[in-house]
Amino acid sequence: MKDYLAELNEPQYQAVTHENGPLMIIAGAGSGKTRVLTYRIAHLMGQGVDAFNILSLTFTNKAAGEMRHRIEKIIGSEARNLWMGTFHSVFAKILRIEGGRLGYTPNFTIYDSDDSKSLIRTIVKEMKLDDKTYKPNFILNRISGAKNNLISWQAYLENPIFGGEDAAAQMPEIGRIYRTYSMRCFSANAMDFDDLLFNTNILFRDHLDVLNKYQHKFKHVMVDEFQDTNISQYLITRKLSAVHQNICVVGDDAQSIYAFRGANIQNILNFKKDYPELKVVKLEQNYRSTKMIVDAANSLIKKNKNQFEKNTFSDNEEGDKIEVIKAHSDNEEGRIIANNIFETKLNQNLKNQDFAILYRTNAQSRAFEEALRKLNIKYRIIGGLSFYQRKEIKDLIAYLRFTVNQQDEEAFKRIINLPKRGIGDTTVAKIIVTANENNLSIWDVVGDIHKYMEGRATNAIDTFATLIKSYMILLEEDKDAHTMAMHIAKTSGLLHELYVDKTVEGMARHENVQELLNSVKQFVDNPENEDVSLGTFLQTVSLLTNADQDEDGDPDKVTMMTIHGAKGLEFNHVFVVGMEENLFPSQMMLKNRDDLEEERRLFYVAITRAEKKLTLSYAEQRYNWGKLTFCEKSRFIDEIDAKFLKSDERVGITTASTSYDLTSRNPPPQVKPAFKKPEIPVRPGNTRSQVISHLKPVNQAKPAPAHVATQDFKPSDTSNLKAGDKVEHPKFGFGDVKKVEAQGNTSKAIIHFKSEGEKTLLLSFAKLRIVE
DNA sequence: GCTTTGTTCCTTTTT
DNA sequence: GGAACAAAGC
């Protein structure tokens, strides 16, 4: 059993055999991190540590499952008792058990971001605020950021800094929205994603007996992808490991790509402070990629200032240079890449699964889908519009949610008139008002409607209530999730409504619901699941990650996904596409942030997914939100040392020796291609409006703005900005400062721009250059 | 109350 | 390209 240790190099061996005390593993890309984690757990178990005393937090549930299987191979079925999973799923499980201490029932609902946004929208409306100013996305981000830093709504309202920032952003009421939002979630017996971590912190802070129980239970705590944990997550692990001090974190600062959701590289620095006894192991040898790829990646990442000293290297073969491809349009980019895959497959005897196409945003997948389909190359898309976000799926899930938890306001709003029962918005509003006025829950009113309301809708409401009550009775009889879901799908009328609908969309939806029912069946039949109740199913489903998507069994497919989704994966040949300014690095980052370090790390992650071959591509023009835009090559390509790049940039597929060019029916134009809208692929889901918008004339490109900022636009120090100064802004052009006023710890300036008129800008954000 | 049609706004990445 | 909303007609 011990011979697995023989395969390890020195630092890997150190990491695996370190048993007690805090350990930090700085693991470069491709350095065998997963293997180390797996062996380390197996090794601990070999040393007599019980499986249920080990907690291992991974980035996806799938990663946890795979690791469990690998450990099982080494150590046996005992591995099933390991506590493994994502932060969210592990602590949702604990909150299910212990949440009673905080006033939640075990069947609490997990709100996804759509639910959260919908609730925020409702609250904004109720508070009679302007919904043009108060954007749900922004508010949710704000609340999420607060929760991830463990700032409760009380603390938020008390601290003038937050109020000041919100006032400066013209949204002084965010604090009160946060308060109402939290209270509404609580009374709905629901937690959003951030609450799962926030409430775990509260639980451990206020209920020391509970903390104690888990501190003693988890003798070893392991955290993978440590660079992507936020404060809230970090504090949970610190508390849990306070007794035994056996905490092992694995991460790579160069691959930190989740700062936007609160991840904090500082955690790695703080870690050294919190654990003076810390042992640090660095895994620097890359076993994954060729020398060329590792060196190119290093030449890029060294442009970042914030990073730890590390020397990643490869002893593998030299490898090919990185190829850069320039295409005319996004569609041509798709065709070139698809052709490239087609040819490479034949020439080098590779399979579909050896290729990955990585992009910055999900919306980019379309051109590649179409091109691959034309060449009959199988592909799969990870992420994007997920199965569980489709309307018909959310509808059935809402029924299931409401059966389990009648306080679930968002589920209620979805299903009360679905299928149509003649209960309109007016009636729903009336129910909510009645509930609020009498200090009752919505269900109290709905369940006994004749006591509170009169009118023609009451009978319909009564029918609905009776239906739900019948489901509740079944639930109490401990029926399993599949029995429940099947019964509800049939008797609610949802399935029937879709069955009757014989349009293409309707049939696709019906199929989707069947697929959902199948997955409930699988959940129930899986021997690894002890608890097959509906409540557990719902919580599991709401915490599925992108990578957890079900496969149809055929692994031989080209993989397409965002770079974020590619973390931890590797492919023989990787295409990083859409390498254009404003796309990658993204427009947002260029506008809002002074540095591009996180974007650069993202590119680093993309590059280091490749084992043998890396191809970068960009297009000169592309459709963005229905508008044609012109693009420039990404600065990131030029940041790679030129000696690693193949200098000849192929333009178009006209130069390629495409003897298998199946697209020859639409040969690429010789001169500048007239830009045509993509054909609408024939598939279910094309809505009427899509067809219509396809028929509309193609939008003409807007004339270039009067003022276009130079690429190296550097903002000046605006701390001394005063009225009368002349300034330049990358987007608005030249302007005169009318007024500067301080507001809390930020200040804003009112500037009159020649082209845009008067604008109010926050000086801490604005990219302004003072013109002499 | 329901359905259709038109309009506007938003556009990063994810649990 | 799409979600969410408003308006208008049934």
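The sequence lines fix the lettering, A, B, ..., with proteins before strands; numbering per chain opens at 1.
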Review point. Rounding to a whole Å, what distance do you find between A:R121:CZ and C:dA3:C1'?
Key: 8 Å
Exercise for review: Would you tell me if any nitrogen or oxygen in the side chain of A:K420 comes within less than 4.0 Å of OP1 or OP2 on B:dT3?
Suggested key: yes
Revision key, fill the gap. Sorted by chain and number, sequence neighbours left out, side-chain contact (heavy atoms from CB on, under 4.5 Å) with A:K420 holds for A:N417
Check your understanding: Can you name the residues that form a ring-ring contact (aromatic ring centres under 6.0 Å, His included) with A:H88, not counting sequence neighbours?
Key -> none
Exercise for review: Using the six-membered ring wherever Trp is involved, compare the ring planes of A:F523 and A:F537 and label them parallel, tilted or perpendicular (cut-offs 30° and 60°).
Suggested key: perpendicular
Point to revise | Set of side-chain contact (heavy atoms from CB on, under 4.5 Å) partners for A:D115, sequence neighbours left out | key: A:Y111, A:D112, A:R401, A:E410
Review point. Hey, are A:Y234 and A:N264 close enough side-chain-wise for a donor-acceptor pair under 3.5 Å?
Key: no
Revision key, fill the gap. In DNA chain B, stems of three or more consecutive pairs, Watson-Crick or G-U, each with both distances under 3.5 Å, turn out to be B:1-10 with C:1-10
Check your understanding: Checking all strands, does A:N624 fall into the base, sugar-phosphate, or nothing category for heavy-atom contacts under 4.0 angstrom?
Key -> nothing
Review point. Do A:H564 and A:Y359 have their ring centres less than 6.0 Å from each other?
Key: no
Check your understanding: A:K117 has an atom NZ; how far is it from atom P of C:dG2, in whole Å?
Key -> 16 Å
Practice item. Determine the sole option in A:R360, A:R622, A:R635 for which the salt bridge (Lys or Arg N to Asp or Glu O under 4.0 Å) test with A:E580 is passed. Key: A:R622
Study note, to complete from the structure: In whole angstroms, the gap separating P of C:dA4 from CD of A:Q389 amounts to 11 Å
Might you list the N or O atoms of the protein lying below 3.5 Å from N or O atoms in nucleotides 8-10 of chain B, with each pair's distance?
| from | atom 1 | to | atom 2 | distance (Å) |
| --- | --- | --- | --- | --- |
| B:dC10 | OP1 | A:K135 | NZ | 2.3 |

Practice item. Run the ring-centre check on A:Y258 versus A:F59 and record whether the distance is less than 6.0 Å. Key: yes
Contact list (N/O, under 3.5 angstrom) for nucleotides 13-15 of chain B vs protein:
| from | atom 1 | to | atom 2 | distance (Å) |
| --- | --- | --- | --- | --- |
| B:dT13 | OP1 | A:N362 | N | 2.9 |
| B:dT13 | OP1 | A:N362 | ND2 | 3.4 |
| B:dT13 | O4' | A:R360 | NH1 | 3.2 |
| B:dT13 | O2 | A:R360 | NH2 | 3.4 |
| B:dT13 | O2 | A:H564 | NE2 | 3.3 |
| B:dT14 | OP1 | A:T562 | OG1 | 3.2 |
| B:dT14 | OP2 | A:N362 | ND2 | 3.4 |
| B:dT15 | OP1 | A:N546 | N | 3.1 |
| B:dT15 | O3' | A:H88 | ND1 | 3.1 |

Review point. For A:D408 and A:T109, what are the C-alpha separation, side-chain angles and deciding distance, and is it a side chain to side chain donor-acceptor pair (under 3.5 Å)?
Key: CA-CA 7 Å; A:D408 188 335; A:T109 296; 2.9 Å; yes
Practice item. Report the distance from atom CZ of A:F138 to atom C1' of B:dT12, rounded to the nearest whole Å. Key: 16 Å
